[in-house]
Amino acid sequence: MSLKHLHRKLRNTDLPSEEFDPISAFESFESPVISNIIPPDRYTEPKEDYSDIITKVEAKKPQLASALKKLNLYQQQAVFSEDQKLLLSAMVGSGKTTVLTHKVLYLHFIKGIPLSQMAVLTFTNKAAREIKERILSFYENSTPPNSDELRYFGTFHSVARQLIKEHPKLQELGFTPDFSIMDQEAKEDFLQRLIVSHELDVKYRNKLDKRLKLYRNEKQIIYGNMKNPDDLVQLLNISRKEKQANNLMDFDDLISVINWQLKLKKTFIPEWIVVDEFQDCNQEQIELIQNLSDDRSHFFAVGDPNQSIYAWRGSTNVIFQNYIEDQSFVIMRLPLNYRTSGQLLNAASCLLQQDNDALQATRDQGKKLIIRNHFDDHQEAYYYVQKFKEVHQHGTPRTEIAVLFRTRQQIAIFESIFQLEGIPCEVVSKTKLREQAALFWLQNILLSGLHPNDMDSILRVFTSTDFGCLKAGKRLLSTFSKFIEGKEFASKLEAFSCFLSEKYKKHAEYIDLCQRLMGLADYLRSRKRDVNLYQYLSLDFFLKPTSINYKDDVADIKNALNELDHYTLKNYFGDWLEIYRAAMSQVSLEGHFQINSGIQTETKGVSLLTIHAAKGLEFDHVYLSGANSGIIPLERKKAGYDHLKEEKRLLFVALTRAKNHMEISWHTKSSAWNAQDGPSYFLNSIPSALLEKVDTAPTKDSELETTPKVELNDDSKWKVGTKVKHPKYGTGEIKSCNEQDVVCDFGKFGEKSFASAWAPLVKI
DNA sequence: TCTGGGTAAATTTTT
DNA sequence: TTTACCCAGA
């Protein structure tokens, strides 16, 4: 059923508008709906006192005991539980990471479980790092565990990589232990290269990922307007063979390969499996957990079904439900929220289908949730400019202020207006290694040297626009494949080296680089700790001191090489080549070179971020922008019921980011195509006693002044340097203009030109 | 090679 | 609403 249809159907029901909640309305007459509610009697409630256990801990590890004393009874219960299978339903802001780390410490120090007998699985590197750091902080007076003891502490993917390498059955799958890892973009490059070099006919090429998913799940080949099947299946077969031949795995392969291996032969059964953010597990990750356990192994998982916002990535809320129904699992809960003030938390919990005491506030009542109406995003941004100045003057640091958005596109105009008005701000999003040309090049250099059959990395080294010497494309691929036809080479790298010296003699330095890459493995092994990759690879020549970015590039690359040094030294176990490969795998898995301490984000200003990116963060002041119906929930053609529920949880996550002040805004005239009039109907679930509705939208008269319309364009309107807004490309700057055309630079979208008379541009 | 009809879709992002 | 794209027919 389409969303529109759904809305219409729901509007026709005769519910009073105040309590009108389309979701529950829909649930009441559509069937069947799986309930998310955990029955209250399913919980094992805590005892009144755990001081006897704490006294015992005191004798063995006083530092831990004093930390445990600070926990509440629910938290202590979970830490001290002796149950073999325990699922902890942790409410938002209830200290779940604290419980998880204390549990690990308790098991280790008091119950005597070696750390190497625990698999502690997380979804993000950040979480893995935080857990490890918290554990290491308990070793003030003793030698901390080495990296070998903590080798099964990490993300699902990094632990999978570790297990794959240790497993004897890898060869049977056609891989060797020195496999390398492709990130999502590398995988796309890889597939596109196969399409070109095998001359495959593949339609909808930039929907390749979507099509592959459709094929995997539903064996569907025909897509869109296609009449006949294309070479999609062939592509899959070729890619499978190429991956084995080149010893490459993508992220998904890591999990499925280890599952395949463990089904064949269980090599390692940890005594304890500990899982963080359990609600985000997908089917394969659940399988991995099962493959790592047997009758005697213990299991402890922490999660919050109400914060499950990644169904589109494969997690299913049903998983939580299944475990709850499994009577061999003990279920405990952490209902106490320490973050959000009372009225705000109450408002947020109205979005959940939970019992009253499921989520309990521990703080003061605080302020009400504000629902504010703005005319449009432009006006809203200027409201914030004023507001943030006030808030800042009242002593709230800018880093404690965040503006949340449903989509990334909404962010651009706020960023540019804040910059224009001198409000320091930062768009929180992961910067891609690929966008930092020098570091991306370095990554590919090292990958080529460490994995000399990784054709894509080799190609990227020599076809880089900034640092390479060849032009990427079909032509290069076909001349290369003609060149190697019928010849035998030890590796792709060697083949490429011969190819270069035969066909591109003039690029002597690059031929030289190729030679050094072929010797990289020996260099790393023989020189032991005395490596200087910068010098060995003569990077100074390629970075070109004349380039504008030279200084930054050199600094970035030296920094990256330092990180590698640090990592390899810290984790060294006897094979320098292996440890460099491990380091580069970690770089691929994390998407940056800061593999020791993670990326240090020095946020100085107001944070602008999507709700998804805000998960796990908290701010004193939170503003959710543009929450019209149609944006929250985000309207889609094929919206199922599950989508609506997830969007509601997303709103819940947004509301629970705030500590003291929360505002939700909606626009009278939204610029988004899918936005409807009026605020998100999800807000109807919140009783008006908990809300404060404010209208700051201008009256009709002032509307005309403050909101730029697409007026008749006269030639004088466009001037070089004018900042403009485009409905699709966001904000840009006029680069040139004449009577016919306007050329405008939209940053990441590049330069676009429009007919002067019709340009859909608005001055800002 | 160009035109018009038809179809799907648009979002979130970690590893 | 707008955009991207396949496909068939000029």
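All heavy atoms count here, side chains included; hydrogens, waters and symmetry mates do not.
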Open item on the list: A:W441: which residues meet the ring-ring contact (aromatic ring centres under 6.0 Å, His included) condition with it, sequence neighbours left out?
Closed with: A:F467, A:F542
Task: d(CD1, A:I222; P, C:dC6) in whole Å - done: 13 Å
- [ ] Mind checking ring-ring contact (aromatic ring centres under 6.0 Å, His included) for A:F418 and listing every partner two or more places apart, or none if nothing turns up?
- [x] A:F388
TODO: Look at the side-chain N and O atoms of A:Y204 and state whether any lies under 4.0 Å from the OP1 or OP2 oxygen of B:dA8.
DONE: no
TODO: Please list, chain by chain and in numerical order, all residues satisfying ring-ring contact (aromatic ring centres under 6.0 Å, His included) with A:F251, sequence neighbours excluded.
DONE: A:H157
Please table the atom pairs, donor to acceptor, closer than 3.5 Å between any side-chain atom in residues 588-595 of chain A and protein atoms at least two apart or in another chain.
| from | atom 1 | to | atom 2 | distance (Å) |
| --- | --- | --- | --- | --- |
| A:S588 | OG | A:I181 | O | 3.4 |
| A:S588 | OG | A:M584 | O | 3.4 |
| A:E590 | OE1 | A:R129 | NH2 | 3.1 |
| A:E590 | OE1 | A:H592 | NE2 | 3.3 |
| A:E590 | OE2 | A:R129 | NH2 | 2.8 |
| A:E590 | OE2 | A:Q586 | NE2 | 3.0 |
| A:H592 | ND1 | A:Q594 | N | 3.0 |

Open item on the list: Quick test of your reading: applying side chain to side chain donor-acceptor pair (under 3.5 Å), list the pairs with at least one residue in residues 218-229 of chain A, sequence neighbours left out, ordered by first then second residue.
Closed with: none
- [ ] Figure out the NZ/C1' separation between A:K203 and B:dG6, and round it to whole Å.
- [x] 16 Å
- [ ] Please measure how far the C1' atom in B:dT13 lies from the corresponding atom in C:dT2, and state the result in whole Å.
- [x] 25 Å
Task: Residue pairs, two or more places apart or on separate chains, that pass salt bridge (charged side-chain N to carboxylate O under 4.0 Å, His left out) and touch residues 308-320 of chain A - done: none
Look for any protein N or O under 3.5 Å of an N or O in nucleotides 8-10 of chain C and output each such pair with its distance, or none.
none

- [ ] Quick one: list whatever passes ring-ring contact (aromatic ring centres under 6.0 Å, His included) with A:Y215, sequence neighbours left out.
- [x] none
Task: Per-nucleotide protein contact string for nucleotides 10-15 of chain B, where B marks a base within reach and S marks sugar-phosphate only (heavy atoms under 4.0 Å, - for neither) - done: BBBBBB
TODO: Check every strand shown and say whether A:D280 touches a base, only sugar-phosphate, or nothing at a heavy-atom separation below 4.0 Å.
DONE: nothing
Open item on the list: Any non-hydrogen side-chain atom of A:K203 less than 4.5 Å from a side-chain atom of A:R211?
Closed with: yes
TODO: Between B:dT12 and C:dT1, how far apart are the P atoms? Round to whole Å, please.
DONE: 23 Å
